[in-house]
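Take a look at the structure set out below.
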Amino acid sequence: MALVVQKFGGSSVADAASIQRVARRIVETKKAGHDVVVVVSAMGDTTDDLLDLAGQITKDAPAREMDILLTAGERISMSLLAMAVTELGVPAHSYTGQQAGLRTDTRYGKASIVAIGPERITNAIDEGQVAIVAGFQGVNELNDVTTLGRGGSDTTAVALAAALEADVCEIFTDVDGLFTADPRIVSTARKIGHITYEETLELAANGAKILHLRAVEFARRYGVALHVRSSFSDKEGTWVTDETAPGQEETMEQPIISGVTHDRSEGKITVVDVPDVPGIAARLFEVVAGAGANIDMIVQNVSTHGTGRTDISFTLPESDGRAVLDALSDAVDLLQYSEVRWDDQIGKLSLVGAGMRSHPGVSARLFGALWEAGVNIEMISTSEIRISVVTRAEDLETAMRAVHTAFELDAEETEAVVYGGTGR
């Protein structure tokens with residue numbers, strides 16, 4: 001008998017029929033002799049609908065009130081799922097994040113979990129019940145409801161699994177696991193059977209949407225075994241762990257490349273003609289940091305001969321672009337640049353694999369594949385197990401397919417099925 005935490009995304013509980021299907025899966029797990037704790041997201045597009053509704057009321061909603069509003073979505077799905085499980089003869093109780101003991105800091109809209117006291121969940125397990133917890137939410141020291149931001153339900157599930165010392169945290173989505181590329185772009189993408197936390201962190205940080213970065217970080221920190229699988233099928237999914245996955249033999253050599261990811265959500269800022277002197281980059285990025293933006297790639301050109309001036313380009317989330325442009329505009333006297341350029345028509349491709357450490361020639365093959373596909377590279381960034389390049393947005397899909405094929409990641413038969421249509 002194991003303690004299993006199961007997380008179901010919005011597409012898995014999109015309507016009454018979907019909720020009943022999920023309830024049957026939960027009951028099957030319970031009747032197999034396991035203790036079950038479930039974390040659930042809001043139904044389908046409920047969160048987007050609530051955001052739209054708030055937008056009709058005000059363009060500047062207080063963050064506290066938005067958190068109270070948005071947590072309603074998960075409360076609806078958790079209670080309906082508890083009813084569906086109970087209807088099948090297994091007792092189930094639903095719990096808000098607060099009732100489940102998730103304590104957060106006071107940052108509304110993007111709170112971080114600071115502590116978990118899951119006594120009520122533990123009591124429910126001891127009484128033979130299925131505990132169904134609303135994802136994406138907690139409560140702060142002011143006793144106000146907070147939301148955890150993007151990927152919050154994944155983070156809730158992994159945090160609960162860690163606190164409860166669960167044997168596994170199953171992340172159910174509408175695809176059969178993690179794939180070597182987004183199957184909506186690369187139809188020949190292959191399912192990954194087992195992948196390390198480190199590789200998964202790189203995939204999540206560079207565009208892969210199935211698992212959120214914060215959840216993977218939590219899993220690695222506390223050694224939570226993740227099993228990413230589909231709620232629409234019974235197929236074995238992808239195991240994320242640094243140990244050998246159940247039912248798999250340890251191999252001498254891991255694959256060179258685990259996957260290719262893409263990201264369309266970034267923009268590029270180029271600060272033109274800044275003085276090429278010590279300290280200018282420090283001043284520039286202090287301004288950017290003051291605007292609350294996270295920087296991804298940075299490129300500084302060689303100083304133009306005889307001018308003592310240079311250009312600095314960097315990428316950042318597109319949503320942060322306006323704030324950074326305003327901050328740079330206010331700092332023109334400090335930075336002494338001549339122009340700032342904004343480009344939101346870029347795409348980022350990332351090649352990820354722990355095997356890069358011991359296999360030469362990966363960069364050459366990557367750049368060769370892009371050259372043969374006629375794709376120009378604008379920026380390059382690397383880590384020990386990742387190479388990222390920025391291209392034109394319109395070239396991104398062509399680049400993805402070319403690189404996927406070049407590294408022999410294509411499946412012989414179609415493996416990727418998107419059951420629910422969203423990949424979440």
Side-chain angles (χ1 to χ4, degrees), residues 7 9 151 154 157-158 168-213 215-217 219-220 224-263 349-359 362 365-366 383-388 400-401 403-420 422-424:
K7 180 264 177 179
D154 286 355
V158 177
V168 62
C169 180
E170 295 185 320
I171 306 292
F172 286 95
T173 76
D174 58 11
V175 290
D176 287 320
L178 296 176
F179 283 79
T180 50
D182 187 335
R184 296 159 191 76
I185 294 176
V186 183
S187 60
T188 55
R190 180 186 303 165
K191 187 177 73 175
I192 302 168
H194 175 257
I195 188 170
T196 65
Y197 294 123
E198 182 183 28
E199 291 170 302
T200 308
L201 281 169
E202 289 282 13
L203 292 173
N206 290 282
K209 299 297 192 296
I210 299 302
L211 275 176
H212 194 264
L213 181 64
V216 183
E217 288 174 336
R220 180 174 67 169
V224 177
L226 303 179
H227 187 196
V228 184
R229 57 193 310 198
S230 174
S231 64
F232 296 82
S233 77
D234 293 322
K235 295 179 180 178
E236 183 85 357
T238 300
W239 285 89
V240 182
T241 173
D242 286 340
E243 300 177 357
T244 304
Q248 292 190 350
E249 296 181 1
E250 188 168 359
T251 57
M252 293 293 290
E253 291 281 346
Q254 293 297 317
I256 300 174
I257 301 301
S258 294
V260 186
T261 68
H262 72 287
D263 190 351
L349 177 151
S350 297
L351 190 68
V352 176
M356 288 186 195
R357 292 191 180 104
S358 56
H359 288 78
V362 172
R365 192 190 302 189
L366 168 64
S383 75
E384 271 197 317
I385 65 167
R386 172 191 52 79
I387 305 173
S388 296
M400 288 283 293
R401 297 186 188 102
V403 172
H404 196 270
T405 298
F407 283 90
E408 301 177 353
L409 297 174
D410 294 341
E412 294 182 3
E413 299 179 358
T414 300
E415 296 183 11
V417 178
V418 182
Y419 299 92
T422 67
R424 287 296 302 160

For this session: Go through Val260 and Thr180 one step at a time and tell me if the side chain to side chain contact (heavy atoms under 4.5 Å, CB included) criterion holds.
Result: CA-CA 6 Å; Val260 186; Thr180 50; over 6 Å; no
Taking all non-hydrogen atoms of both residues into account, name the closest pair between [X] and [Y] and its distance.
{"X": "Ala411", "Y": "Ala189", "result": "CB-O, 4.1 Å"}
{"X": "Arg229", "Y": "Glu170", "result": "NH1-OE2, 2.9 Å"}
{"X": "Ala205", "Y": "Leu213", "result": "CB-CD1, 4.0 Å"}
{"X": "Cys169", "Y": "Val224", "result": "CB-CG1, 3.8 Å"}
{"X": "Ala157", "Y": "Lys7", "result": "CB-CB, 3.6 Å"}

Between [X] and [Y] (side chain of the first, backbone of the second, donor and acceptor by atom type, cut-off under 3.5 Å), is there such a pair?
{"X": "Ser350", "Y": "Thr261", "result": "no"}
{"X": "Ser231", "Y": "Phe172", "result": "no"}
{"X": "Arg357", "Y": "Ile385", "result": "no"}
{"X": "His262", "Y": "Gly207", "result": "no"}
{"X": "Lys191", "Y": "Glu236", "result": "yes"}
{"X": "Asn206", "Y": "Asp263", "result": "no"}

Distance, nearest 0.5 Å, that separates [atom1] of [X] from [atom2] of [Y]:
{"X": "Asp176", "Y": "Asp234", "atom1": "CG", "atom2": "CG", "value": "10.0 Å"}
{"X": "Asp410", "Y": "Arg190", "atom1": "CG", "atom2": "CZ", "value": "7.5 Å"}
{"X": "Leu178", "Y": "Leu211", "atom1": "CG", "atom2": "CG", "value": "5.5 Å"}
{"X": "Phe179", "Y": "Ile192", "atom1": "CZ", "atom2": "CD1", "value": "9.0 Å"}
{"X": "Arg365", "Y": "Ile257", "atom1": "CZ", "atom2": "CD1", "value": "8.0 Å"}
{"X": "Ile256", "Y": "Ser258", "atom1": "CD1", "atom2": "OG", "value": "10.5 Å"}

| query | Among all residues two or more places apart in sequence or in another chain, which pass the ring-ring contact (aromatic ring centres under 6.0 Å, His included) test with His227? | reply |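 Testing His227 for ring-ring contact (aromatic ring centres under 6.0 Å, His included), a comparison that skips the adjacent residues, returns Trp239.
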Heavy-atom side-chain contact between Met356 and Leu351 under 4.5 Å
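The answer is yes; the side chains approach within 4.5 Å.
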Set of side chain to side chain contact (heavy atoms under 4.5 Å, CB included) partners for Val352, sequence neighbours left out:
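With sequence neighbours excluded, Val352 shows a side chain to side chain contact (heavy atoms under 4.5 Å, CB included) to Glu199, Glu202, Leu203, Arg386, given in chain and number order.
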